[in-house]
Structure formats: C-alpha cells, structure tokens
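The structure under discussion appears below in the form of structure tokens.
Residue numbers count from 1 along this sequence.
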Amino acid sequence: QVQLVESGGGLVQAGGSLRLSCTASGRTFSTYVMGWFRQAPGKQREFVAAISEKGGRTDYADSVKGRFTISRDNVKNTVHLQMNSLKPEDTAVYSCGAKANYADIRTPFVYSYWGQGTQVTVSS
C-alpha cells in the first residue's frame, strides 16, 4: 500500500514557475513508476509526465515538453514536477500516481495509487 500526498500548488502569473512535490509513504517507493496528471474543469484527466523507478527514463506530454521537468528522490520518497513558463492553459488540479511498471504510462486508469491533488492556477 502506498499513500501519496501532493504539495506546492498555488496561484502564479503567466510566465512564472511552480514546483510540485509528491511524497509517498512506505518502503517500496523506489519500485514504482511515478506519473503526474492534471485535470481542468470539464475536461478529462490528462498525462503530464512520468519517471521510471530509478529515474533513468522520463516522458512528457507534448504540451509541457521543454517547460516541465519531472525528477525523483528515492531516499526522500518524493517525486517533483518543476513547472516553468507557465501558461493559463496549465491551470488544473495536478495529481501524482504510482504504478508497478513503465507500460501505458499515459493511461490514468492503469495507475494503482493516487494522491488527492493540488490546485495550480495560472493567471493571464
């Protein structure tokens, strides 16, 4: 069982930056692939980024590539999402998820565990 808690959301002006964190409970964090997803009002949850168990592989949605960076610290059981050059269309609730392997990382329903989410609002 893994419990995930996100933090770091908030209100920022367009062009600004935020760093989201997702901290996991348990001793097996390093065995999970971690992903970030977001959901805007009236829209489906969409993939943002994912990172492999030891951090050697990352993937990003085209809409955030070059602006967002995912990283992890397996000692601190934490995964981060550094978000730069934020745009109003990045406004959403951001959630982290954990899954056992790197297959289908862009598909939300294959993730086994989820955090409660953190709101990111980008003003124009």
Side-chain angles (χ1 to χ4, degrees):
Q1 189 78 7
V2 177
Q3 292 184 329
L4 305 173
V5 178
E6 300 96 336
S7 60
L11 173 64
V12 64
Q13 288 188 332
S17 298
L18 282 174
R19 188 189 194 209
L20 304 184
S21 297
C22 171
T23 302
S25 64
R27 303 177 183 177
T28 59
F29 176 74
S30 61
T31 66
Y32 287 95
V33 171
M34 299 299 297
W36 282 99
F37 287 75
R38 66 187 182 187
Q39 187 167 19
K43 295 187 176 182
Q44 291 186 334
R45 181 175 288 185
E46 66 171 352
F47 170 78
V48 176
I51 188 166
S52 60
E53 296 91 328
K54 296 185 178 180
R57 179 176 177 178
T58 58
D59 283 275
Y60 298 92
D62 288 344
S63 59
V64 307
K65 201 171 292 184
R67 300 188 297 124
F68 291 11
T69 303
I70 189 171
S71 62
R72 67 189 297 161
D73 184 337
N74 285 346
V75 173
K76 296 181 179 180
N77 282 11
T78 303
V79 59
H80 300 288
L81 186 68
Q82 177 67 44
M83 305 186 296
N84 299 329
S85 303
L86 282 161
K87 305 175 182 180
E89 51 264 43
D90 294 318
T91 295
V93 174
Y94 284 70
S95 300
C96 63
K99 66 187 303 294
N101 56 60
Y102 213 75
D104 300 318
I105 57 167
R106 298 171 184 261
T107 305
F109 69 79
V110 302
Y111 284 74
S112 302
Y113 304 101
W114 289 96
Q116 83 290 348
T118 185
Q119 176 70 47
V120 171
T121 303
V122 184
S123 63
S124 57

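- Atoms OG and CE, from S17 and M83 in turn, are 8.5 Å apart once rounded to the nearest 0.5 Å.
- Because its NZ or CZ atom is not both nearer than 6.0 Å to the ring centre of F109 and within 45° of the ring axis, R45 does not count as a cation-pi partner of that residue.
- Between the side chain of R67 and the backbone N or O of S85 there is at least one donor-acceptor pair closer than 3.5 Å.
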**Q.** Candidate pair L20 and T118, rule side-chain contact (heavy atoms from CB on, under 4.5 Å), full reasoning
**A.** CA-CA 8 Å; L20 304 184; T118 185; 4.0 Å; yes
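- When only modelled atom types and interatomic distance are considered, D73 and T78 share no side-chain donor-acceptor pair under 3.5 Å.
- Under the 4.5 Å side-chain heavy-atom criterion for ILVMFWY residues, no single connected hydrophobic cluster contains both V110 and Y113.
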Q: Would you sort out whether T23 and L4 count as a side-chain contact (heavy atoms from CB on, under 4.5 Å), showing the intermediate values?
A: CA-CA 6 Å; T23 302; L4 305 173; over 6 Å; no
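- Judged by distance alone, the side chain of Y60 and the main-chain N or O of I70 form a donor-acceptor pair under 3.5 Å.
- In this structure, NZ in K99 is found 12.0 Å from OG1 in T31, a value given to the nearest 0.5 Å.
- Judged by distance alone, the side chain of T91 and the main-chain N or O of T121 form no donor-acceptor pair under 3.5 Å.
- Using a 4.0 Å cut-off between charged nitrogen and carboxylate oxygen, R57 and D59 count as a salt-bridge pair.
- Rounded to the nearest 0.5 Å, atoms SG (C22) and CH2 (W36) are 5.0 Å apart.
- Between N74 and E53, the shortest heavy-atom distance links the atoms ND2-O, 3.0 Å.
- Counting all heavy atoms, side chain and backbone alike, G117 lies closest to S95 at CA-OG, 3.5 Å.
- In this structure, the side chain of S25 engages the main chain of Q3 through a donor-acceptor pair within 3.5 Å.
- Among all heavy-atom pairs drawn from D90 and V122, the shortest one is CB-CG2, 4.3 Å.
- Both V64 and Y94 are assigned to one and the same hydrophobic cluster, defined by single-linkage of ILVMFWY side chains at heavy-atom distances under 4.5 Å.
- Closest heavy-atom contact between V79 and F29: N-CZ, 4.1 Å.
- For the pair F47 and I105, the tightest heavy-atom approach, listed with the atom from each and the gap, is CD1-O, 3.5 Å.
- Between the side chains of S21 and H80, at least one donor N or O sits under 3.5 Å from an acceptor N or O.
- Under the 4.5 Å side-chain criterion, counting only non-hydrogen atoms from C-beta, F68 is in contact with V48.
- If you take OG on S71 and CG on L81, they are separated by 8.5 Å, rounding to the nearest 0.5 Å.
- Here the CG-OG distance, from L86 to S123, works out to 10.0 Å after rounding to the nearest 0.5 Å.
- Scanning all heavy atoms of the two residues, the minimum distance from A24 to V2 falls at CB-CG1, 4.0 Å.
- Rounding to the nearest 0.5 angstrom, the gap separating the CD atom in Q119 from the CZ atom in R38 is 12.0 Å.
- In this structure, D62 pairs ionically with K65, as a charged nitrogen and a carboxylate oxygen lie closer than 4.0 Å.
- Between W114 and F37, the distance separating the two ring centers is shorter than 6.0 angstrom.
- Counting heavy-atom neighbours within 6.0 Å of Q116 CD, excluding the residue itself, gives a total above 12.
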